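Data first, discussion second: the structure below is written as structure tokens.
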Amino acid sequence: MMMMMSGARRREEPPHAQQHAVANGGAAGRGSVWGKALRSDSAWHDKDEFLDVIYWFRQIIAVILGIIWGVVPLKGFVGIAVFCLINAGVLYLYFSSFQQIDEEEYGGTWELTKEGFMTSFALFLVVWIIFYTAIHYD
């Protein structure tokens, strides 16, 4: 019963907005994806679109944290563990509290939490190593 209520609270996009995006060759559709991503409680009709947003948010977080960890300088397991906690935690709060997604539609909380995690982890390591080496290595 609770899941049905959360789905009913979502705002629906007007049908003319979808037709407008198609009429413009999808250019307006690309902008509206990020618009929906930054608006709370958006309606996601295409599951892959929302998964793409999760994926790219992870990449942005990885680059930002990689730069910070390289400049600070953090080392070892502590840096990796804190990255994993922040990455998973921020995205979990994003899709559960901000977007209020029904996780079961996407395969559960674990599937959304691990979406794009390994690629963001690899990107984080590369950025962290590059910045750490460039700034702190003699």
Side-chain angles (χ1 to χ4, degrees):
M1 183 87 167
M2 184 69 127
M3 284 188 275
M4 295 177 78
M5 290 177 62
S6 67
R9 289 190 329 209
R10 292 183 184 227
R11 291 177 284 170
E12 298 294 325
E13 284 188 13
H16 69 280
Q18 293 170 350
Q19 293 169 351
H20 181 59
V22 173
N24 286 337
R30 276 184 254 130
S32 68
V33 170
W34 289 107
K36 285 186 348 184
L38 298 175
R39 277 193 320 263
S40 177
D41 201 21
S42 297
W44 295 93
H45 301 291
D46 186 7
K47 290 181 183 180
D48 288 334
E49 199 173 71
F50 182 68
L51 293 175
D52 287 346
V53 168
I54 295 287
Y55 177 86
W56 287 108
F57 273 163
R58 282 199 190 279
Q59 306 318 306
I60 293 168
I61 290 170
V63 169
I64 292 169
L65 292 180
I67 292 170
I68 293 170
W69 271 221
V71 170
V72 166
L74 277 175
K75 294 183 190 177
F77 180 73
V78 172
I80 293 172
V82 173
F83 166 78
C84 292
L85 290 173
I86 290 174
N87 193 325
V90 166
L91 267 297
Y92 177 77
L93 289 174
Y94 173 74
F95 68 74
S96 68
S97 297
F98 187 73
Q99 287 294 335
Q100 298 177 357
I101 293 295
D102 181 15
E103 293 95 358
E104 296 306 317
E105 290 180 26
Y106 295 90
T109 303
W110 180 247
E111 290 299 319
L112 282 171
T113 303
K114 69 179 187 171
E115 174 69 27
F117 182 80
M118 289 309 293
T119 53
S120 72
F121 182 65
L123 179 60
F124 161 73
L125 288 176
V126 168
V127 173
W128 183 18
I129 291 168
I130 289 171
F131 273 81
Y132 183 87
T133 305
I135 295 171
H136 302 288
Y137 186 73
D138 291 333

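Counting begins at 1 with the first residue of the sequence. What you are looking at is a predicted structure, and each value in this text was computed from that prediction instead of being measured.
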Provide the closest heavy-atom pair for Leu112 versus Phe50 in the form atom of the first, atom of the second, distance. CD2-CE2, 4.1 Å
Tell me the side chain to side chain donor-acceptor pair (under 3.5 Å) pairs involving residues 62-71, sequence neighbours left out? none
Report yes if the side chains of Cys84 and Phe117 come closer than 4.5 Å at any heavy-atom pair, otherwise no. yes
Decide whether Leu38 and Leu51 are clustered together by the hydrophobic rule: side chain heavy atoms of Ile, Leu, Val, Met, Phe, Trp, Tyr closer than 4.5 Å, transitively. yes
Donor-acceptor pair, distance only, cut-off 3.5 Å: does the side chain of Gln99 make one with the backbone of Leu93? no
When Leu65 is tested against each of Val82, Leu74, Val127, Ile86 for side-chain contact (heavy atoms from CB on, under 4.5 Å), which residue passes? Ile86
Supply the atom-to-atom distance Ile101 CD1 to Trp44 CH2, rounded to the nearest 0.5 angstrom. 7.5 Å
So, taking the atom named CG in Leu125 and the one named OG in Ser120, what distance separates them when rounded to the nearest 0.5 Å? 9.5 Å
Check against side chain to side chain contact (heavy atoms under 4.5 Å, CB included), Val33 and Asp52: CA-CA 10 Å; Val33 170; Asp52 287 346; over 6 Å; no
Heavy atoms of Glu115 and Arg58 approach each other most closely as O-NE, 2.7 Å
Between Trp128 and Val78, is there a shared hydrophobic cluster once you connect ILVMFWY residues whose side-chain heavy atoms come closer than 4.5 Å? yes
If you define the side chain from C-beta out and look only at heavy atoms, does anything of Ile135 sit under 4.5 Å from Pro73? no
Would you say the side chain of Leu123 lies within less than 4.5 Å of the side chain of Val63, judging by non-hydrogen atoms? yes
Using 30° and 60° as the class boundaries, would you call the ring planes of Phe124 and Phe83 parallel, tilted or perpendicular? parallel
Verify side chain to side chain contact (heavy atoms under 4.5 Å, CB included) between Ile80 and Phe121, making sure each step is shown before the conclusion. CA-CA 9 Å; Ile80 293 172; Phe121 182 65; 3.7 Å; yes
When rounded to the nearest 0.5 angstrom, what distance separates CD1 in Ile61 from CH2 in Trp56? 13.5 Å
Is a side-chain donor or acceptor of Lys47 paired with a backbone partner of Glu105 at a separation under 3.5 angstrom? yes
4.5 Å side-chain heavy-atom contact, Phe95 and Thr113: yes
I want to know whether Tyr92 and Trp110 have ring centres closer than 6.0 Å. no
Donor-acceptor contact present, side-chain His136 to main-chain Gly70, <3.5 Å: yes
Is there a side chain to side chain contact (heavy atoms under 4.5 Å, CB included) between Phe57 and Val53? Walk through the geometry before answering. CA-CA 6 Å; Phe57 273 163; Val53 168; 3.7 Å; yes
